[in-house]
2 protein chains.
Amino acid sequence: MELEGRGERILRTAGELLVAWGYRRVTIEEIARRAGVGKGTVYLHWKTKDALLLAVVLDSKQDALERQLARMRADPLEVLPSAVMSRYYCDALESPVLRAVHTDDSGVLGRLGDIAAVELAELVAHGDRALDRHLGALRACGLVRDDMALADQRYTLIAILVGFFMADTYLDSRAPAVTEPRARLLAHTVQAALETPAGPTATPDGLPDADRVREAAARAAPGIIAVYEHIAQLSAEEMRRQLRP
Amino acid sequence: MELEGRGERILRTAGELLVAWGYRRVTIEEIARRAGVGKGTVYLHWKTKDALLLAVVLDSKQDALERQLARMRADPLEVLPSAVMSRYYCDALESPVLRAVHTDDSGVLGRLGDIAAVELAELVAHGDRALDRHLGALRACGLVRDDMALADQRYTLIAILVGFFMADTYLDSRAPAVTEPRARLLAHTVQAALETPAGPTATPDGLPDADRVREAAARAAPGIIAVYEHIAQLSAEEMRRQLRP
DNA sequence: TTCGTGACCAGATAACGAATCCGGTCACAG
DNA sequence: CTGTGACCGGATTCGTTATCTGGTCACGAA
C-alpha cells in the first residue's frame, strides 16, 4: 500500500521540518500531522523527540557514507584524502541537514548539536579511529606523507574541512559562491598538505605518475572500504538505538 | 602624573571587562568605575559604547599588525604566507580580545561581531585588497604559485585560518591543545597549498634553495611592508573616527 | 575658562506571573 | 493488535511592570 513505511515517512518529514523550522520550532504534532499519522504513532517508532531528530542527522550522515563507499568501490582513487574531503564537502552542502550541521546557518539546529555531541560521542570516537586507520593505510602504501605525525594529519584534515565550511559563512557579505570550484580548492589544499608529492617527473598541475598512484590506491582501497563499512554498521546500530525497544 | 592617559586606561579597562563579562553584560558605568573616572568622562573620549568596544578590537588588531610589521622588517622571510598566518594565529590566541574575535567562545562578543562587520566593512575591504597585493607581490617574485587564481588563493588562505581557529572549538571534547605545534601545522598547510614547491633539489622537510627564497623575499618585502603600513594608517584613522569629534 | 562629573531622562532590558504550548503516556477505538 | 488523540505536568512564551543603562548636560572644582 505504502511506497515507504510509516517510519521512513516520519523520518523524512521530520528532516524537512527540521531544516525548514529549526530545532526549536519543530513539534512532534506537526511532524505527525504532515506525515499523516497520529502523534502517538511517532512514539511507536522513536523513543523521544530528540531521538527522532538525532536519527534524521544520522540518516543523512549514513547517506553521505554510502555515497562515499559506492565511489570508493567504483574507483580506488576515491580513497585519497583530497577526494574524500572534497566529495563530502559537495555532498554535505547539497544535503539540507548536513549543510545545517556543518555551517550552522542561523543556529537552525540549536541545542541538537550539543545533544548529538553527547549522545553520539562514542560514534564520533569510532569515526576518528576510522580516519586514523584510513590515513594509516594510505601512509603505508605511500599515498600520504609519513614525515609528519598521523594525529597532526588528522587534525589538519579536520581543520581544513571546517575552514571551508565556515569560510562561506564568515565571508557572507559576498555572493553565495558555487560549490564545485570551492570543492576543487579544498581538494588541492588537502592534497598539498597531506598527500605525497608527485615523483621526480612531476608537473605542477598534471597527473605525473598516475599509474603508481592508481595501483597503490587499488591496493589500499579494500581495507579502507572495510573500515568505513564497519562505521556504517555502527551508525546503523546507533540509529536502531534511537528506536523504541 | 599618569603613566598612561585617561583614554588609554579606559580602553584597557574596557578590553578587560569585555572579555571577562562579554558584550552583553559590560556597562559604561562599570568601565568608568574601574578606570577611576566618571561616567561622563568616557563620553569625552568616545562617541558611543559601541565605538569604545569597537576601538578595543581595533586596538588589538593594530597590536597584531604592528608585531607583524616589526617581524617583516626584521626578517624578510616573515612575508611568506605560511609565516604571516602562523604568527598571526599565535598572536591572536595570546590576545584575549582577538582570541574571542576568532573563536567566539560562548558568544562573548555577542552583537559586536555584526556591528563590526557593518562598521568596519570598508576597512575589511581594504584588508582584502592588501592581501591581494601581498599575494600578488609574492607571485611576481616566484614565492607563491601562479598556477591558480589569486582570488582562490585568498579564499584558501582565509579558509585555512578560520579552520584552525574553529577546529579547536569544534573538537572541544579534548584537551586545550598547545598553540605552537598547531601553528606549525598551520604553516605547513599554507606553505603546501600556496607557496612554490622547492626547486629540483628539494628535500621533503629541509630548506632547499633557501638562498633563492630569502633573496626573493628581501626583494618583495619593502612593497609588502608598505601595503600593511597603509592598512595600519587606515586602521588608525578608523580608530580616530570612533572618538568624539 | 576648562575639565570632569554624576544626577537625570527615555528607551532598552530584565523580572515575573499568567496563559499557552508541547513532549510523552495510555485508555480505548477500529 | 495497531494506531490514535485526549490528557497531564513541566517547559516555554507572553504581556506587563520594574529596573537598568546608554547618553546628555548643568554644575562644581581647578
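Chain letters run A, B, ... following the sequence lines, proteins first and then strands; every chain starts at 1. The analysis underlying the following values was restricted to heavy atoms, covering all of them including side chains, and did not include hydrogens, waters or symmetry mates.
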Derivation of the salt bridge (charged side-chain N to carboxylate O under 4.0 Å, His left out) call for Arg71(A) and Asp91(A): CA-CA 12 Å; Arg71(A) 280 192 297 260; Asp91(A) 284 350; 3.2 Å; yes
Scoring nucleotides 21-30 of chain C by protein non-hydrogen atoms under 4.0 Å (B base, S sugar-phosphate only, - none) yields -SBBB-----
Can you find a pair of side-chain heavy atoms, one from Ile115(B) and one from Leu53(B), that are under 4.5 Å apart? no
Side chain of Leu44(A) - closest among dT4(D), dT13(C), dT5(C): dT4(D)
Side chain to side chain, Leu135(A) and Leu157(A), heavy atoms closer than 4.5 Å: yes
Given side chains that start at C-beta, do those of Leu150(A) and Asp132(A) come closer than 4.5 Å, heavy atoms only? yes
Rounding to an integer number of Å, can you tell me how far Ile10(A) CD1 sits from dT2(D) C1'? 13 Å
Once you round it to whole Å, what is the distance between P of dG22(D) and CG of Leu54(B)? 16 Å
For Tyr228(B) and His134(B), which I'm curious about, is there any donor-acceptor pair between the side chains at under 3.5 Å? yes
Please check if any side-chain donor atom of Gln242(B) sits under 3.5 Å from a side-chain acceptor atom of Glu238(B), or the reverse. yes
Which residue lies toward the 5' end of DNA chain C, Arg111(B) or His45(B), if each is placed at its nearest nucleotide? His45(B)
Under 4.0 Å, counting only non-hydrogen atoms across every strand here, what does Arg24(B) touch: a base, just sugar-phosphate, or nothing? sugar-phosphate
